[in-house]
Amino acid sequence: MAGYFSNIQETVTSIFEGMSITFSHFVRRPYTVQYPDRIPIPIQDTLPFRYRGILEVDLEICTGCLACERACPIDCIVIEAKKDKQTKAMMLNRFDIDIAKCMYCGLCSEPCPTGSIHHTSQFEGADYSLESMLRRFVKTPVAAYKPSKGPETDPEIVPFLDRGLRYLDDFAKPGGSSEPGEADAS
Amino acid sequence: MKDLVLSLIAEGGALAGVPFSLAAPLVMVAFGALVVFGFVLPIAGITSWLERRVWARIQSRIGPNRVGPQGFLQWLADGLKNLLKEDIIPSAADKWLFSLAPYLVVVGFIATFAAVPFTSSLIIADLNIGILYITAVTGIVVVGVLMAGWSSNNKWSLLGGIRSAAQIVSYEIPAGLSVFPIVLLTGTLSMQGIIRAQGWAPWDWFFFYNPFTFAAFFVFFVAALAEGNRTPFDIPEAESELVAGFCTEYSGMRYLLFFLEEWGNLYVIGAIVTTLFLGGWQVPAFTDNPMLLAVAQFGTFFLKAYFFVFVAMWVRATLPRVRVDQLMTVCWKYMVPIAIVNMLGTAAWMLFVPETLGRLVQFGMTGLGAVVVVVFFRRVRFHLRRANLKPSDYYYSPII
Amino acid sequence: MSLGGFDVQVLRENGFATEEMTLNMGPQHPSTHGVLRFVVRADGEVMTEAVPDVGYLHRSIEKIAEKVGYHGFMPYTDRVDYVAAMPCNQGWAMVCEKLAGIEVPRRAEYCRVIACEFNRISSHLIAVGTMGMDIGAFTPFTHALREREHINDLLEELCGARLTFNYMRIGGVAWDLPPDFAEKGLAYIDRFEPLIDEYNALISFNKIYKERLINVAVITGEEAINYNLVGPNLRGSGVDFDVRRDIPYSIYPELQFDVPVGHGEEGTLGDCFDRYMVRIREIQESCKIIRQCLQQIPEGSVLAKIPRKFKPPVGDAYVRIESARGDMGWYCVSDGSEYPYRVKVRTGSFTATSIIEQVSRGLMIADLITVVASFDLVAPEIDR
Amino acid sequence: MSLLNTMPEFMVTTKVDEMLNWTRKSSLWYMLFGLACCAIEMMQTGGPRSDLDRFGAVPRATPRQSDLMIVAGTLTLKMALRTKVLYEQMPDPKYVISMGSCSNCGGLFQLAYSVCDGVDKVIPVDVYVPGCPPRPEALTEGLLKLQEKMMQEKWLVRSTGESRPALA
Amino acid sequence: MASFDTARGDPKMYFNFGNVLVFLVLGLGLAGMMLGLGRLLRPANPLAQKLATYECGELPTGHAWINFNIRFYLIALVFLIFDVELAFMYPVIVVFRDAVLAGHGIAAFAKILLFVGVLAIGLVVVWAKGDLEWVKRLPVEAESDVREAA
Amino acid sequence: MDTAAIYSKLKERFGDAVLALESEDAGDPAIRIQPRAIVEVAAWLHAEADTAFDCLTNQSGVDYPDRNEVEVVYHLFSYSLRHTCVLKVGVPRDNPSMPTVDPVWKTANWMEREVFDLVGVVFEGHPDLRRILLPEDWVGHPLRKDFVEPTEYHGISTKRESML
């Protein structure tokens with residue numbers, strides 16, 4: 001009999017407590033971020049630097065070393081790089097990334113010597129067909145970047161390289177060396 | 001209603017010269033259609049939108065806010081969309097029963113509105129058996145739901161339908177028994193009669209009349225929630241168990257009709273509770289203007305009734321659902337005995353408690369109610385403080 | 001009983017013939033947590049049998065390991081248990097390190113533990129949230145999701161992804177902690193802890209909720225061990241065992257934390273409520289661990305020197321770690337080449353699913369949902 | 001008896017069509033169809049931060065009441081057959097969002113022996129959302145993309161060429 | 001105080017019930033209209049697969065029309081007894097107030113007690129017999145008996 | 001108790017049924033058992049007070065085509081004594097069949113089903129030996145090294161043309 005009434009009492013008090021908690025939410029600010037239009041700054045700008053969004057390649061500083069292609073476990077990067085017989089320069093004929101297949105793991109950008117291939121904070125890429133998700137970065141064959149011996153001076157490349165090296169610096173270095181990954185280029 | 005017809009066909013009325021036998025059905029249908037399309041449908045729709053907003057707010061979300069201002073037209077979009085959806089009748093189903101079930105559900109729900117009062121003079125049909133009529137008519141919904149569950153020839157639907165039947169049928173008993181104290185006090189079953197027996201002040205409501213009616217209110221409200229398949233008793237459509245319960249196989253408009261019944265029924269529950277326990281449309285006689293008084297009465301009744309709609313939403317956002325056997329235990333082992341005690345207690349109260357003491361108890365109960373409200377808000381404040389909110393985490397406006 | 005077949009068994013009760021119903025619960029069902037199927041035979045609302053049918057998410061991760069190599073397999077470990085991917089990362093890293101005998105820098109171990117414990121909280125939040133949702137309370141679930149978003153933000157800052165982290169590497173971690181991570185993490189933990197009380201008041205101690213969980217699917221400690229239940233499911237049955245404490249790895253021996261064990265506080269020991277409460281308490285313990293780690297973390301490098309072509313010596317190793325779903329075993333056979341010869345992941349959900357047939361006999365259909373939720377099953381962990 | 005695809009194209013009918021499309025896109029009920037990792041992100045999308053409910057999209061458990069199937073996660077061969085059944089049990093008009101790499105084209109599980117490489121091998125897909133898994137905002141963007149597509153549809157108006165609604 | 005005025009032949013009553021009838025028809029009309037309007041605008045594309053019974057993606061095993069467990073109907077029986085009892089009580093309840101006012105309240109109360117007593121005894125009996133247990137756990141030996149018999 | 005001690009005890013008790021102690025490779029040492037003797041050894045290890053292996057934590061099958069052998073590996077753990085042990089059993093590849101340990105550890109039921117499904121070892125006396133992860137109509141055991149992926153399954157091709 002005591003159990004009977006304590007059951008009623010427990011039910012009433014626990015429901016009362018629960019109702020007071022839910023009521024308190026009427027004066028709490030909703031947590032919703034009103035993507036896409038009703039937000040002060042785009043979501044992309046609020047994402048952390050390390051965010052692994054859609055891959056991007058800065059062809060200006062791509063050395064054509066194929067490290068990313070080799071690192072990708074699922075072969076969603078295809079690069080065609082050939083030595084031009086006349087100019088002796090490495091020419092990039094093709095640099096394709098299939099972002100529909102990509103798993104955004106970041107393994108490709110880790111071995112990149114210059115930070116050319118990197119994840120951006122861009123995540124919007126929804127489309128009506130899969131073909132549109134094939135990112136072809138090389139429109140016309142371009143010469144691969146050749147790291148200069150000293151510090152880079154070309155003003156057109158410096159900003160890219162700065163960004164790229166900053167990106168690389170974020171990765172942990174084996175043994176904790178803080179040197180940029182130039183050593184891995186070979 | 002009849003007076004309205006008589007005044008319309010009287011000299012100078014809009015229908016002057018039309019015989020009563022013709023005018024009466026005309027006015028009835030016109031007025032009925034006005035109520036159904038002008039009140040019932042929007043109320044059901046808006047309730048669905050509001051429920052999603054209230055729910056969302058409790059869950060730290062916003063809820064529908066893109067369709068129309070503040071998402072207000074969401075219910076219209078939902079309704080029209082379902083109108084355009086393909087209507088599937090599974091090949092294994094019993095086609096006739098499958099098609100008939102939504103009709104029954106809608107009829108059962110629309111018919112209750114005939115006896116729901118709006119103001120002291122405005123009620124479609126002030127039946128002398130009003131409250132009995134409403135309990136009877138809601139029974140049609142059970143048949144519809146059971147029919148839907150059985151005819152779908154789907155196991156989830158079947159389970160949902162049978163659960164629903166057992167549940168509604170069981171909760172009919174405590175709901176019916178909880179009406180008795182009020183009928184004892186008023187000596188009438190008429191909705192208007194019950195309201196007239198109360199006053200505008202809280203201590204004149206039957207809610208605070210004595211401890212037994214106070215308890216009867218809760219029993220009735222909980223039983224009504226169960227009859228309306230609302231959380232914590234939403235086991236017939238228990239989404240996480242039975243997929244969508246009895247309406248698993250229903251698509252498009254047919255599904256929407258069940259949906260409509262559920263939201264619309266909420267208002268009916270609120271209206272009945274208001275009528276029985278909360279003094280209905282009673283307002284202080286502040287003016288002689290009948291129009292103004294009618295508006296005030298309508299507003300009062302509507303707000304009171306809608307408060308319970310809100311409470312039902314709020315409960316839904318708070319509580320988990322019970323299991324089938326627990327549902328039955330709650331009904332038969334807790335609510336039915338309590339309801340019986342309430343009824344006997346009220347009868348004894350009428351016999352043995354002198355009027356002055358009864359009056360004092362009314363004030364006392366009202367005070368008790370006020371204390372409960374105060375304690376409640378202190379708890380709310382406690383939870384807010386415990387959550388360590390920054391000043392910017394508070395947001396009081398309902399609009400976002 | 002044949003799985004697809006329909007055999008009617010007539011039960012006689014009071015002389016009336018009633019038929020059994022064969023119900024397919026799943027693969028698409030709101031509360032089978034992904035794609036899990038139960039073939040339920042029910043007499044009315046009471047189940048006479050619920051046979052789990054798994055494999056709807058068998059993604060052959062173990063075979064892929066033999067194709068992608070040691071480094072390349074790391075992202076796949078995220079997908080073994082996507083709700084708690086960090087411990088899987090750690091398991092794989094640890095089994096490789098054990099094979100090759102690699103010493104991991106201490107700072108990396110701290111990073112790993114911080115990440116794993118944050119992930120454990122977010123995983124348990126999903127577990128207790130879906131428990132609420134399956135029982136019909138949607139609000140606690142969304143509140144759990146909201147707190148998860150905060151943790152996701154932190155982990156995103158740490159490793160750039162919200163769910164499939166790929167944070168750890170053989171020999172360490174891929175990224176050091178961001179500069180202000182410690183402050184942010186501590187601030188969040190401070191804010192989060194009182195919310196657990198609120199959560200408990202809202203749902204855990206709700207009478208209806210308790211009634212749904214208490215005395216449902218009682219598993220004794222012996223049964224749990226025999227069926228190889230692990231983690232919170234095992235501790236819910238009163239077995240005081242936690243890999244972090246009893247088979248110490250990483251820096252756990254240096255940290256102060258309790259191992260919550262169910263003790264039948266309401267009803268019988270080993271029921272759904274015990275399993276549930278163990279998770280709630282583990283969230284609190286994880287908060288404690290994170291706080292200690294963030295305060296004690298030493299300076300240093302976070303990645304040992306590992307050759308790009310990683311070739312561990314011939315042999316096989318088995319590593320056990322405490323994932324959010326409990327003791328997770330990683331078995332790796334190396335033949336000395338660049339590719340693992342065989343990888344086997346022993347997961348908690350797999351063994352937990354195997355006991356469902358045993359414990360669900362005679363329960364009601366609604367209870368099956370509770371049982372599934374109380375085991376915190378994650379479909380790919382069963383199927384891999 | 002149906003008025004669909006019978007009207008000539010002029011001012012009123014296109015306006016009506018637009019309105020019908022508006023209601024349809026404003027009330028996209030999606031089926032709970034979480035398969036794998038993406039299911040968690042789909043839950044988060046319905047959760048407090050992203051709140052798909054803002055656009056009128058609510059989850060439904062049964063295909064009968066859903067307009068949209070969000071295929072969230074890896075589709076195994078074992079599941080592919082069931083997915084087809086479920087898709088076909090949805091009432092017209094129905095839409096499919098393929099969420100994440102696995103359901104787009106098999107993604108990282110193209111190497112697996114038991115995975116169906118892409119949900120489009122089994123059912124038609126309207127919008128592909130890249131990501132592994134796509135973050136909630138990306139799924140929201142996919143939903144908005146789908147809404148854009150829905151607004152272009154013609155229902156009342158007699159349409160030439162490929163029209164989506166397959167009418168009996 | 002409005003009393004229970006069931007004056008025979010009160011035209012207002014017929015009028016009121018006429019109104020109720022109108023509402024019943026309106027309900028039917030509303031549902032019919034919505035479904036009819038939808039028929040003009042909705043696609044219809046019935047395929048065999050689409051019309052198959054939904055069972056979580058599996059093909060249904062057997063149909064759902066089976067002899068359901070007897071427990072479900074027992075509740076209905078108990079309900080019937082109680083509901084009839086309730087219906088009988090309405091007349092007494094309604095005139096109770098008048099009886100109290102007229103001074104023979106005790107007698108009326110005794111009658112109510114009698115009715116409720118019968119109801120309560122019924123409840124106690126049902127409770128004691130265990131028929132309120134919505135589902136008794138299946139007796140395990142009964143199951144094995146059947147297996148042996150079969 | 002470490003593996004060597006367990007090995008010597010086992011050797012003492014079972015003699016030739018216990019083949020060898022393998023501890024020269026990297027990783028964990030293991031005890032190799034005759035397939036036919038596995039149930040007795042398992043039951044003994046489970047029952048004996050100073051071994052008390054009450055839990056089979058992991059059971060996996062590994063295919064070795066060059067040895068023409070499928071190896072079943074048992075990882076045992078004792079909750080009461082907190083020690084571990086690894087048992088290895090090799091069965092011939094063309095006729096991989098061995099007794100089940102389901103009576104000793106219930107968890108072996110599903111684990112053996114998995115080994116059967118993926119590697120193809122038939123466990124005699126298993127109560128319910130069917131495929132567990134793969135569909136019933138699947139052909140082959142995929143974790144065998146010579147497994148060839150089917151090109152089609154119920155009309156769904158399993159290959160996808162790369163867009164690249």
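Convention: sequence-line order gives letters A, B, ...; per-chain numbering from 1. As a basis for the values below, the full set of heavy atoms in this structure was taken, side chains included, without hydrogen atoms, waters or symmetry mates.
Contacts between C:Val68 and chain D at a heavy-atom distance below 4.5 Å involve the side chain alone, from C-beta outward. Contact annotation for D:Met31: only side-chain heavy atoms (C-beta onward) come within less than 4.5 Å of a heavy atom of chain C. With a 4.5 Å cut-off on non-hydrogen atoms, C:Leu57 touches chain D through its backbone and its side chain both. Of the two parts of C:Asp153, only the side chain, counted from C-beta on, holds a non-hydrogen atom closer than 4.5 Å to a non-hydrogen atom of chain D. Neither the backbone nor the side chain of C:Asp78 comes within contact range of chain D; no heavy atom of the residue lies under 4.5 Å from a heavy atom of that chain. For chain C, no part of D:Pro59 is nearby; none of its heavy atoms comes within less than 4.5 Å. For a residue to count as touching a neighbouring chain, one of its non-hydrogen atoms must lie under 4.5 Å from one of that chain's; by this rule C:Arg146 touches chain D with backbone and side chain alike.
Taking the six-membered ring where tryptophan is involved, the planes of C:Tyr188 and C:Phe118 are tilted, since the angle between them lies from 30° to 60°.
Residues C:Pro380 and C:Val80 are not in side-chain contact: their nearest non-hydrogen atoms beyond the backbone lie 4.5 Å or more apart.
Among D:Arg135, D:Gln44, D:Glu41, the residue making the largest number of heavy-atom pairs under 4.5 Å with chain C is D:Gln44.
At least one test fails for D:Arg24 against the ring of D:Tyr95: distance under 6.0 Å to the centre or angle within 45° of the axis. Within the cation-pi definition used here (under 6.0 Å to the ring centroid, within 45° of the axis), D:Lys94 qualifies as a partner of D:Tyr87.
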